K.L.:
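To start, I am sharing the structure in question, which I have written as structure tokens.
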2 protein chains.
Amino acid sequence: MKISTKGRYATKLMLDLATYNTGSPVSLKDVAKRQDISEKYLEQIISSLSKAGMVRSVRGAQGGYLLTKEPKEYTVGEILEVTEGKIATVDCLRDDGYSCDAKNQCVTIRIWEKINDAVKDVVDNITLQDLLDWQAEGADQYVI
Amino acid sequence: MKISTKGRYATKLMLDLATYNTGSPVSLKDVAKRQDISEKYLEQIISSLSKAGMVRSVRGAQGGYLLTKEPKEYTVGEILEVTEGKIATVDCLRDDGYSCDAKNQCVTIRIWEKINDAVKDVVDNITLQDLLDWQAEGADQYVI
DNA sequence: CTTATTCCTAGTTGTCAAGTAGGAATATAG
DNA sequence: CTATATTCCTACTTGACAACTAGGAATAAG
């Protein structure tokens, strides 16, 4: 089980916007350079975030993107959900139509439910502000 | 993020072996029928489990597979690790050589670490015996 | 000897992640 | 008003990998 680059890049992207959250728009070019991610790919990723209303765009020269809320109001869970879709470890947990016909006889599903809950509990309780704080604390203590 | 069929089938397979753990070998044919999984695919899956010493095989007619330990001694975590490989949500967490060069400046990695820990905490604390117990309790209470 | 099984290796097929590519629309600066 | 910087949109590409399928060799039971 993996979290794709899309979700991870989206998180880095949002953190970058939060870090450079001065009031004037931040261009993807800059984000791309700082985070070392293809600008074209970032365009696609931010498109989802923009459609979800999580960022606001300013077109044209000197344009870019801005957060629409305070960093503390974004959870990592939201960001991942918008970019990766529902975080379900297995299909039978999806609530979008598909469902396993043996759901009621299947004991193993309880494992996947527990995993899901545990993951959700983590990502729904980390905000962009937390990431900013961690950054401020200095990453030095996490060097290996 | 997903858990592949391999890991899920392996879990079902092991649970089936635990359920029919009478002392005489259980054939994949029977497991395949009961769990509605391709027998050929099960062969591949159990091969990993067998190489890891988690099951013992008996060849020839009336052959099959047997657990080598008590159900309570198998964790779901082990089963998944053997069949899916290390459960790392992102590559930079793998401890097998590959590592992200920006590990020390990367704040987001702490998110993936926390997710990983949470998942591990779940799967390492569910044993086959737990699954047997859940089965015994009756799945009825989980019907939707 | 026949049949039931595990064991082993090699395909196959489709899907999806992870981008790349190209250009249209829009705004700013000079 | 023109050149430039940016977002916006859609389509394409490429490689990897999940999820099997296929075929047959080895082994044991009856």
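All values reported here derive from a predicted model rather than from experimental measurement. Below, read A as the first sequence line, B as the second, and so on, with proteins coming before strands; counting in each chain starts at 1.
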K.L.:
Does B:Lys40 make a side-chain donor-acceptor contact with the base of D:dG23, cut-off 3.5 Å?
P.N.:
yes
K.L.:
Report yes if at least one side-chain N or O of A:Tyr65 is closer than 4.0 Å to OP1 or OP2 of D:dC8; otherwise report no.
P.N.:
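So the side-chain polar atoms of A:Tyr65 do come within 4.0 Å of the phosphate oxygens OP1 or OP2 of D:dC8, strictly under.
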K.L.:
Taking only side-chain N and O atoms of B:Ser4, does any of them lie within less than 4.0 angstrom of OP1 or OP2 on D:dA19?
P.N.:
yes
K.L.:
Pick the nucleotide of DNA chain C nearest each of A:Ser38 and A:Val58; which residue has the one closer to the 5' end?
P.N.:
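It is A:Ser38 whose nearest nucleotide is closer to the 5' end.
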K.L.:
Starting from C1' on C:dT6, measure out to CZ on B:Arg56 and report it in whole angstrom.
P.N.:
14 Å
K.L.:
Where each residue is assigned the nucleotide of DNA chain D containing its nearest heavy atom, which of A:Arg59 and B:Tyr9 is assigned the position nearer the 5′ end?
P.N.:
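Upstream on the strand: A:Arg59.
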K.L.:
Between atom CD1 in B:Ile3 and atom P in D:dA19, what is the gap in whole Å?
P.N.:
11 Å
K.L.:
Rounded to whole Å, please give me the gap between CD in B:Glu84 and P in D:dA19.
P.N.:
8 Å
K.L.:
Closer than 4.0 Å, any side-chain N/O of A:Thr5 to the OP1 or OP2 of C:dA18?
P.N.:
yes
K.L.:
Which nucleotide sits closest to the side chain of B:Ser57: D:dT6, D:dC20, C:dC7?
P.N.:
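For B:Ser57, the side-chain atoms sit closest to C:dC7.
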K.L.:
Over all heavy atoms of both residues, which pair between A:Gly23 and A:Leu66 is shortest? Give the atoms and the distance, please.
P.N.:
O-CD2, 3.5 Å
K.L.:
Please report the interatomic distance CG(B:Leu80) to CE(B:Met14), rounded to the nearest 0.5 Å.
P.N.:
11.0 Å
K.L.:
Taking atom types as they are modelled, is there a donor-acceptor pair under 3.5 Å from the base of D:dT21 to the side chain of B:Gln44?
P.N.:
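For B:Gln44, whose side chain was compared with the base of D:dT21, there is a donor-acceptor pair (under 3.5 Å).
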K.L.:
How many whole angstroms separate atom CZ of A:Arg8 from atom P of C:dA17?
P.N.:
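So the two atoms are 13 Å apart, to the nearest Å.
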K.L.:
Return the nearest nucleotide to the side chain of A:Gln62; candidates are D:dA18, D:dC8, C:dT28.
P.N.:
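Of the candidates, C:dT28 comes closest.
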K.L.:
Consider only side-chain N and O atoms of B:Tyr9 and A:Thr108, and report whether a donor and an acceptor are under 3.5 Å apart.
P.N.:
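The answer is no; no qualifying pair exists.
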K.L.:
Calculate, to the nearest 0.5 Å, the distance between atoms NZ and CG belonging to B:Lys114 and B:Asp121 respectively.
P.N.:
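B:Lys114 atom NZ to B:Asp121 atom CG measures 13.0 Å (nearest 0.5 Å).
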K.L.:
D:dT7, D:dA29, D:dT21: which one has an atom nearest the side-chain heavy atoms of B:Ala61?
P.N.:
D:dA29
K.L.:
Is A:Leu49 close to A:Leu13 at the side-chain level, that is, under 4.5 Å between some pair of heavy atoms?
P.N.:
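Result yes, sub-4.5 Å side-chain heavy-atom pair found.
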K.L.:
Is there a donor-acceptor contact under 3.5 Å linking the side chains of A:Tyr74 and A:Thr68?
P.N.:
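A donor-acceptor contact under 3.5 Å links the two side chains.
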K.L.:
Of the listed nucleotides (C:dT6, C:dC8, D:dC8), which one gets closest to any side-chain atom of B:Lys51?
P.N.:
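Selected nucleotide: C:dC8.
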K.L.:
Nearest-Å distance, NZ (A:Lys29) to P (D:dT4)?
P.N.:
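After rounding, the gap between these two atoms is 12 Å.
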K.L.:
Output the rounded distance in Å from CG (B:Leu42) to C1' (C:dT6).
P.N.:
13 Å
K.L.:
Grab the CG-P distance between A:Asp30 and D:dT6 for me, whole Å please.
P.N.:
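So the CG-P distance, A:Asp30 to D:dT6, works out to 7 Å.
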K.L.:
Could you check how far CG of B:Leu17 sits from P of C:dT5, rounded to whole Å?
P.N.:
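In whole Å, C:dT5 P lies 15 Å from B:Leu17 CG.
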K.L.:
Tell me what A:Leu28 touches on the nucleic acid: a base, only sugar-phosphate, or nothing, going by heavy atoms under 4.0 Å.
P.N.:
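Sugar-phosphate, backbone atoms only, no base.
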K.L.:
From the list C:dT6, D:dC8, D:dC20, which nucleotide is the closest neighbour of the side chain of A:Glu43?
P.N.:
D:dC8
